[in-house]
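Dropping a structure here in C-alpha cells format, bear with me for questions.
No experiment lies behind these values; they were computed from the predicted model shown. What you see below is based on every heavy atom in this structure, not just the backbone, and it leaves out hydrogens, waters and symmetry mates. One-based numbering along the sequence shown.
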Amino acid sequence: MSAYQRKTPLKSDCAIEKALHVISGKWKPAILNELLKRNTRLKDIQKGLPEASKRALTKQLKEMIDDGLIQKKDFNEFPKRTEYSITDLGTKLSSVFEELSKFGNTL
C-alpha cells in the first residue's frame, strides 16, 4: 500500500494553502496544541487522544517532523524514552492556535 498522493499540486504562491497543508490532518491540530504547551511523549499524547490509534499518531508525528514543526529526541536510558517538542518554526503557530481557539469557543 502506498502513501496518499495529492491529486492536485499545492499552489506554491498561496501561503495560506501551504500553511494549512502542514497543519491539516486528523490529529495534527490536537498534537500541535499540546506540544505548544509542553514537551511530551507518545504515550501521553495517546492518553489525551484515546480514540486515535498509535499508528495514526505516529504517522502524523512523522509528517510534522518532516515539515519541521516538531522534533523528536531519543534519550539514552533504559527503558527507552522518546520525547517530542515544538521547533522554532512550530512555535510560530502559537498565535494562530490562540485565534483558532477563540474562534472555536464562539461556535
Side-chain angles (χ1 to χ4, degrees):
M1 178 165 52
S2 63
Y4 170 77
Q5 296 288 320
R6 274 182 69 92
K7 290 182 177 78
T8 57
L10 284 174
K11 294 178 184 171
S12 61
D13 62 339
C14 182
I16 293 172
E17 185 176 350
K18 289 191 293 187
L20 288 175
H21 176 72
V22 298
I23 65 170
S24 66
K26 188 161 186 174
W27 307 110
K28 285 182 185 179
I31 295 168
L32 286 167
N33 191 49
E34 192 61 32
L35 289 173
L36 282 164
K37 297 175 194 168
R38 66 181 103 19
N39 297 351
T40 193
R41 298 166 65 175
L42 176 59
K43 71 177 190 172
D44 297 322
I45 295 170
Q46 286 179 288
K47 285 179 189 173
L49 298 168
E51 60 277 8
S53 71
K54 182 177 181 179
R55 180 177 178 266
L57 291 175
T58 302
K59 180 179 182 289
Q60 300 280 279
L61 288 163
K62 182 182 179 332
E63 288 175 11
M64 289 187 288
I65 291 168
D66 292 345
D67 289 331
L69 300 177
I70 66 172
Q71 58 192 2
K72 176 182 173 181
K73 181 176 181 183
D74 293 316
F75 291 86
N76 190 19
E77 54 188 47
F78 185 82
K80 183 180 173 188
R81 181 168 64 106
T82 300
E83 192 173 84
Y84 294 91
S85 60
I86 201 87
T87 62
D88 289 340
L89 179 63
T91 302
K92 293 179 180 182
L93 290 167
S94 182
S95 60
V96 173
F97 274 71
E98 285 175 29
E99 292 303 316
L100 285 171
S101 182
K102 287 178 191 175
F103 177 75
N105 286 330
T106 64
L107 301 177

Output, in order, the C-alpha distance, side-chain angles, deciding distance and verdict of side chain to side chain contact (heavy atoms under 4.5 Å, CB included) for I45 and L61. CA-CA 10 Å; I45 295 170; L61 288 163; 4.2 Å; yes
Report yes if some heavy atom in the side chain of K54 is under 4.5 Å from a heavy atom in the side chain of T58; otherwise report no. yes
Sorted by chain and residue number, the side chain to side chain contact (heavy atoms under 4.5 Å, CB included) partners of T87 (sequence neighbours excluded) come out as Q71, L89
Which atom of P29 lies closest to which atom of G25, heavy atoms considered: CD-O, 3.3 Å
Shortest non-hydrogen contact from K80 to D74? CE-OD1, 3.9 Å
To the nearest 0.5 Å, what is the distance between CG (L35) and CD (E83)? 9.5 Å
Among Ile, Leu, Val, Met, Phe, Trp and Tyr joined by side-chain contacts under 4.5 Å, find the other residues sharing a cluster with L107 and list them by chain and number. F103
What I want to find out is whether K102 reaches E98 closely enough, with some N-O distance under 4.0 Å, to be called a salt bridge. no
Could you measure the distance from the NZ atom of K26 to the CD1 atom of I31? Nearest 0.5 Å is fine. 12.0 Å
A side-chain contact here means heavy atoms from C-beta on lying under 4.5 Å apart; do F97 and L32 qualify? yes
Between NE2 of H21 and CD1 of I16, what distance do you get to the nearest 0.5 Å? 15.5 Å
Checking K28 against E63 for the side chain to side chain contact (heavy atoms under 4.5 Å, CB included) test, could you report, in this order, the C-alpha distance in whole Å, the side-chain angles of both residues, the deciding distance, and whether it holds? CA-CA 9 Å; K28 285 182 185 179; E63 288 175 11; 2.9 Å; yes
Look up atom CG in L49 and atom CD in Q60, then write down how far apart they are to the nearest 0.5 Å. 10.5 Å
All salt bridge (charged side-chain N to carboxylate O under 4.0 Å, His left out) counterparts of K92, not counting sequence neighbours: none
With rounding to the nearest 0.5 angstrom, report the CD1 to CG distance, I86 to L69. 6.5 Å
Minimum heavy-atom separation for W27 and A52, please, with both atom names. CE2-CB, 3.4 Å
If you round to the nearest 0.5 Å, how far is CD1 of I70 from OG1 of T40? 10.5 Å
How close do T82 and R41 get, heavy atom to heavy atom, and via which atoms? O-CG, 3.2 Å
Mark yes when over 12 heavy atoms from residues, nucleotides or ligands other than D66 sit less than 6.0 Å from its CG; otherwise mark no. yes
